[in-house]
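Working notes, structure below.
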Amino acid sequence: MTKRFWLFSVLLLAGAAYALQKAGPLRGDWAPEQVAPDVYVIHGPTEQPSPSNQGFMNNPAFVVTDEGVVVVDPGGSVQIGEMVLARIEKITDKPIVAVFNTHIHGDHWLGNQAIRAKYPAVPIYGHERVDPKVQAGAGMQWVQLMLTLTEQATLGTEVVGPDHAVRDGDEIKAGGLTYVIMNNDKAHTDTDIMLHVKEIGVMFLGDNAGHGRILRHENGSFAGNIVALENALASGAAVFVPGHGRTGGAEVATQYRDYLHTLYSTVQQGVEDGLADFEIRPLLLPKLEPWTQWAGFDTELGSHISGAFLEAEAAAF
Ligand SMILES: [Zn+2]
């Protein structure tokens, strides 16, 4: 056999091995919903990543203008990113000119890989604290977490994090519109950006708010999250896109702010009164009645109370 034949065989085998390294496409007819002129949101499931949802759980969004498409949070796997890309291409033949990632949680940004594969030069914006965390291992941890929770349905997903750092007050011009970056140090995490699209009055809240869904906090701040939502409400935006759950008006921000405020102020009072966190819980539960049916309420409440307790103690010290 010739050398060339061997080379060919090796390439063929490598190709087959590569194919086995990627799970199938995302199932389901995920229809983008128009939430404002030029703005579309694909409202994902409000569950934790699982084999049945293949890791899809966030709200990928995109803004379409004559000058190009801007994508916000293209999802938690290469398969989800490819779905988002395919839905965009059904609506427009304009190229993607920018991507924003709202924070470090991989269910929002691992889909970058699909966009980058088609648009190698597209800038991907994220808060300045995201990329160092991704490089330090958070990216691979998210790839592994999604593989585990979905039983390999996200196989083939690689770490493609944001490569353009932004901070509070930056204004990014993309696709003919202005994206004002809003960061309040610590909120849902310590990496959150909200995007105020000035000309059209649309606010992308990231995970600073869930709507119908209570979200896990990580290295964030309850007090900071409340302030972030106050800032979002003060912007004058009319359409609010949450990280998880339905898009709506100002109520998307006010309902989540009220949840956080009820939680934090009650815990703060408890700390002042010298109560332990298990003593605060029964005082808090009746006040949180409006949110008890929200997805994630039961699973997150314990960690929210203990997190708020530590924060209130530190603030009082
Ligand atoms: Zn998050």
Side-chain angles (χ1 to χ4, degrees), residues 41-50 53 55-61 71-77 80-81 99-112 124-134 137-146 148-150 154 157 159 161-162 166 181-195 203-222 224-226 228-229 232 240-247 252-253 255-257 259-260 263 291 294-297 299-301 303-304 307-308:
V41 178
I42 304 174
H43 293 99
T46 56
E47 310 142 9
Q48 292 302 313
S50 69
N53 65 31
F56 185 34
M57 60 179 295
N58 82 311
N59 285 345
V71 179
V72 180
D73 284 354
S77 70
I80 298 165
V99 178
F100 287 94
N101 295 157
T102 57
H103 63 295
I104 184 69
H105 289 158
D107 56 315
H108 294 256
W109 63 263
L110 286 169
N112 286 348
I124 304 177
Y125 297 93
H127 187 263
E128 60 185 346
R129 285 199 280 257
V130 173
D131 181 57
K133 286 178 194 280
V134 168
M140 279 312 295
Q141 280 169 13
W142 269 101
V143 167
Q144 287 302 326
L145 182 66
M146 293 303 259
T148 305
L149 295 176
T150 65
T154 59
T157 301
V159 173
V166 292
I181 307 296
M182 299 175 69
N183 163 265
N184 188 51
D185 190 24
K186 292 185 175 188
H188 166 67
T189 65
D190 56 1
T191 59
D192 307 286
I193 55 171
M194 302 186 296
L195 304 166
M203 177 70 70
F204 293 98
L205 296 163
D207 277 2
N208 283 346
H211 193 205
R213 184 162 193 270
I214 302 294
L215 308 174
R216 187 171 58 90
H217 262 241
E218 187 193 8
N219 303 321
S221 157
F222 292 90
N225 200 337
I226 293 165
L229 290 172
F240 290 78
V241 183
H244 304 265
R246 304 289 310 170
T247 296
V252 176
Q255 288 175 7
Y256 206 77
R257 176 203 62 189
Y259 164 78
L260 294 167
L263 175 96
W291 299 276
W294 283 27
F297 179 85
T299 43
E300 300 304 333
L301 184 63
S303 79
H304 277 196

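Heavy-atom basis, side chains included; hydrogens, waters and symmetry copies ignored. Ligands are counted one by one from 1 in listed order, and the atoms in each one are counted from 1 as well. Residues: numbered from 1 along the sequence shown.
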Checklist entry - According to the interplanar angle, ranging from 0 to 90°, do the rings of Trp294 and Tyr256 count as parallel (below 30°), tilted (30 to 60°) or perpendicular (above 60°)? => result parallel

Item to check | Heavy-atom side-chain proximity of Met203 to Val252 below 4.5 angstrom | outcome: no

Item to check | Where the Zn ion (ligand 1) is the vertex, angle from His188 NE2 to His103 NE2 to 10° | outcome: 100°

Checklist entry - Do you know which N/O/S atom name in Asp207 is closest to the Zn ion (ligand 1)? => result OD2

Next on the checklist: Report the atom name of the nearest N/O/S atom of His105 relative to the Zn ion (ligand 1).
Outcome noted: ND1

Checklist entry - Of the backbone and side-chain N, O or S atoms of Asp107, does one lie nearer to the Zn ion (ligand 1) than 2.8 Å? => result no

Checklist entry - Does the pair Arg213 and Asp207 meet the rule for a salt bridge (Lys or Arg N to Asp or Glu O under 4.0 Å), with working shown? => result CA-CA 10 Å; Arg213 184 162 193 270; Asp207 277 2; over 6 Å; no

Checklist entry - Hey, mind stepping through Asn59 and Ile42 against side-chain contact (heavy atoms from CB on, under 4.5 Å) and telling me if it holds? => result CA-CA 6 Å; Asn59 285 345; Ile42 304 174; over 6 Å; no

